[in-house]
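These notes are about the structure you will find just below.
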Number of protein chains: 2
Amino acid sequence: MKPKLNDVAQLAGVSVTTVSRVINNHGYLSQQTKDKVFAAMHELHYQPNNMARSLQGKNTQLIGVIFSDIRNPFFGELVSRIEKLLFAKNYKVILCNSADDPQKERDYLQMLMANQVDGIIAGAHNLGIEEYQQYGLPIISFDRYLSDNIPIVSSDNYHGGYLAAQALHQAGAKDIAIFSGKNQPGSPTNGRLEGYKDYLKEKNLISHVHELPFELSPALKTMEIKSILKQAHYDGIFCSDDLNAMLTISVARQLNISVPEDLKVVGYDGTEIIRNYSPELTTIEQPLADISTLLVSLLLQRVADANCDLEKEYVLPVKLVKGITA
Amino acid sequence: MKPKLNDVAQLAGVSVTTVSRVINNHGYLSQQTKDKVFAAMHELHYQPNNMARSLQGKNTQLIGVIFSDIRNPFFGELVSRIEKLLFAKNYKVILCNSADDPQKERDYLQMLMANQVDGIIAGAHNLGIEEYQQYGLPIISFDRYLSDNIPIVSSDNYHGGYLAAQALHQAGAKDIAIFSGKNQPGSPTNGRLEGYKDYLKEKNLISHVHELPFELSPALKTMEIKSILKQAHYDGIFCSDDLNAMLTISVARQLNISVPEDLKVVGYDGTEIIRNYSPELTTIEQPLADISTLLVSLLLQRVADANCDLEKEYVLPVKLVKGITA
DNA sequence: ATTCATATGTCAAACGTTTATCATATTTAT
DNA sequence: ATAAATATGATAAACGTTTGACATATGAAT
């Protein structure tokens, strides 16, 4: 059997009370006793049972992290960073891939509650999840409105869209389209779309909006892109994420449209993996380090003090990363 | 306050015992009572406290999943699949990125113990972690020997290396190098290396082994690759993972070595993201769906019965995915 | 009329910890 | 010498749930 508090106490020749005091650093303790107890804990490979501790009212040190799917490199990097930051603060991450399935997201929320997580970082994008409000749990949202008292951290999507359009235009493009995600109300891609539109309006250019639903498989997206590129003759395309940009560039090559000479492309996200392994792509970089740091820091503030005053929205600046595609 | 068993009981007008019996489907219960109880649970948004349940001896339904870093698309996809499979079986994943840091891995193991996880899937690659043996916890390992009683699931690295060399050779290459990871004993890349070497030996070709340490940044790897490509004149390179292959191809382009005409390249891993977004890459595909299914299934067998008989090693077949780079 | 399966209740112990209360030493400072 | 600070222990309640023991009631089958 796993060693318990009592076993440690016996081995160390002290009372359970004392062992517990050592572990929780509570009350008066001599160095000698601490040493004895730690030695015993070590010898037995003792690990306090977190279930029992948390029943007693201690934090579980568990944080639920909900995103649609870490296979998307953007979420992969974000979750990886969040995990690293939380680990450093002695928290553990329960990973929840919602797969853009509202029911799965709901189920996960319930599970997280049942597991007494201390808080949640949510970047999954299903609207109408009133569940988020009903649990009085610390929650911070990434890039999505969830409810009035849940702070949102996001990058400056509007400015990103604006910058992207500007980059295409300044690189010489005149006929500039956007391949955006599905434009649900409250979705972050809306900001990108608006920024794009506003820039074009300023320059008296016409905007061309194509929706490329998130959930399409790459093969279907490829078909869709191919059909668009064949019938319209854009010389600039702003893709609302880097993967779509990669696809667009690859389709263009297939159609003998040379990038960037005939067609300029700008992506969005700028993850490490894209910057490292596809440095040719011009893209709008979201500040992932700052985003994750802020998400974690805000959440831990709320965990420490459920009523602490936080802003409703934190918008972090984006920047253009020049490759050669625009 | 969160509703408890007692609150549900009162609302439903039954005893706590009955509510608990309903939840655990234990003993005789009328449909009417069940309905009343479920209705009350629903009305109160009741969620049983898993901490209390697991203290009582129930499973936590928590599984620790340790890999070096989900930013690597291979681990990202693997973890994503594992998460999905476990979720379907009502398990939750505690995500552990060991970052190739033995101390972090050790700390994580302790944390997982403290959190009473029901089992662990480990794909982190730090040797000499005797900790794995000392906890009597169900563990399944991916692609790495951990200890005698821990089953290993892996793809057929040897055959993968063999296939890769063969593909390069059959595409016309004669001077075939391998860019492998660090060749620690027991590391999976060893198999790939051996397969590569054996194929070349069969064909009376000379093997050229270059180690490209995992932990190098892409920029440093790029430098390294550049220097290798400049001084040697290989016409075929087997990279022991797809990201290195991407880097190699991109360096080749910079040096005006055209792929595949002057240099053929084969990668390893064949994740969805690579196949979808870089279909030009010829690579050895690891069967991620089967790997994750097997990892989860073996683990759950061990969770159900700690002493169930499992093989020491499960080797799954790989296959060559033809792109245009070889 | 008796037995048996079904259905529910009361009560209490148990899981492993934390923590408050009280008690009792031993040291240190005044 | 006395008070205060330091150090430890014994005991027990509490966290929320499960489960076994036991009691009791209803309805159905014999």
Side-chain angles (χ1 to χ4, degrees), chain A residues 1-41 44-62 110-118 135, chain B residues 1-41 44-62 110-118 135:
Chain A
M1 267 322 289
K2 267 184 210 163
K4 305 161 204 261
L5 212 51
N6 194 18
D7 303 319
V8 178
Q10 282 192 247
L11 181 60
V14 298
S15 70
V16 272
T17 310
T18 301
V19 178
S20 178
R21 278 177 183 148
V22 170
I23 291 172
N24 297 284
N25 204 21
H26 188 263
Y28 293 119
L29 291 165
S30 71
Q31 192 56 49
Q32 198 197 357
T33 305
K34 288 191 202 169
D35 292 345
K36 269 194 303 185
V37 171
F38 281 128
M41 286 180 17
L44 294 175
H45 296 114
Y46 171 76
Q47 280 299 122
N49 181 326
N50 275 351
M51 303 296 145
R53 304 187 85 188
S54 99
L55 239 204
Q56 254 299 318
K58 294 255 167 194
N59 281 352
T60 56
Q61 305 293 116
L62 287 171
Q110 304 225 322
M111 271 191 173
L112 293 176
M113 298 306 297
N115 278 281
Q116 316 295 115
V117 295
D118 294 338
Y135 313 109
Chain B
M1 265 326 286
K2 265 183 212 167
K4 304 158 206 267
L5 212 52
N6 194 20
D7 303 319
V8 178
Q10 283 193 245
L11 181 61
V14 299
S15 70
V16 273
T17 307
T18 302
V19 178
S20 178
R21 279 176 183 150
V22 170
I23 291 173
N24 296 285
N25 203 22
H26 187 263
Y28 293 120
L29 291 165
S30 70
Q31 192 56 50
Q32 198 197 359
T33 304
K34 287 191 202 169
D35 292 345
K36 271 194 304 186
V37 170
F38 281 128
M41 286 182 11
L44 294 175
H45 296 113
Y46 171 77
Q47 280 299 123
N49 181 326
N50 274 351
M51 304 296 143
R53 304 188 85 186
S54 99
L55 239 204
Q56 256 300 318
K58 295 254 167 196
N59 280 352
T60 56
Q61 306 292 116
L62 288 171
Q110 304 225 323
M111 272 189 169
L112 292 175
M113 297 308 296
N115 278 281
Q116 316 295 118
V117 295
D118 294 338
Y135 313 110

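These numbers come from the heavy atoms of this one structure, side chains and all, not from hydrogens, waters or symmetry mates. In the text below, chain A, chain B and the rest are named by the order of the sequence lines, each starting its count at 1.
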If the helix axis at each end comes from five base pairs, how far does the helix from dA1(C)-dT30(D) to dT30(C)-dA1(D) deviate from straight, to 10°? 30°

Sugar-phosphate atoms are those with a prime plus P, OP1 and OP2; base atoms are the rest. Using that split, label each nucleotide of nucleotides 11-19 of chain C B, S or - for protein heavy atoms under 4.0 Å, 5' to 3'. B--BBBBBB

With T17(A) via side-chain hydrogen bond (donor to acceptor under 3.5 Å, both in side chains) - residues at least two apart: none

Residues two or more places apart in sequence or in another chain: which of them pass side-chain hydrogen bond (donor to acceptor under 3.5 Å, both in side chains) with K58(B)? N24(B)

Contacts of N59(A) meeting side-chain contact (heavy atoms from CB on, under 4.5 Å) (sequence neighbours excluded), chain-then-number -> Q61(A), Y91(A), D118(A), V303(A)

Review item, nucleotides 27-30 of chain C N/O atoms under 3.5 Å of protein N/O:
none

Name all residues meeting the side-chain hydrogen bond (donor to acceptor under 3.5 Å, both in side chains) criterion together with H26(B); count only those two or more places apart in sequence or in a different chain, and write none if there are none. none

List the residues meeting side-chain contact (heavy atoms from CB on, under 4.5 Å) with Q32(B), not counting sequence neighbours, and say none if there are none. S30(B)

With sequence neighbours excluded, what pairs up with I23(A) under the side-chain contact (heavy atoms from CB on, under 4.5 Å) test? L5(A), V19(A), M41(A), Y46(A), R53(A)

Contacts of L62(B) that satisfy side-chain contact (heavy atoms from CB on, under 4.5 Å) - sequence neighbours left out: M51(A), I94(A), N115(A), T60(B), K92(B), I94(B), V117(B)

With sequence neighbours excluded, residues passing side-chain hydrogen bond (donor to acceptor under 3.5 Å, both in side chains) with N49(A): none

Could you state the OH-P distance from Y28(B) to dT19(D), rounded to the nearest angstrom? 17 Å

Assign a letter to each nucleotide of nucleotides 25-30 of chain D from its 5' end: B, base within under 4.0 Å of a protein heavy atom; S, sugar-phosphate only; -, no contact. ------

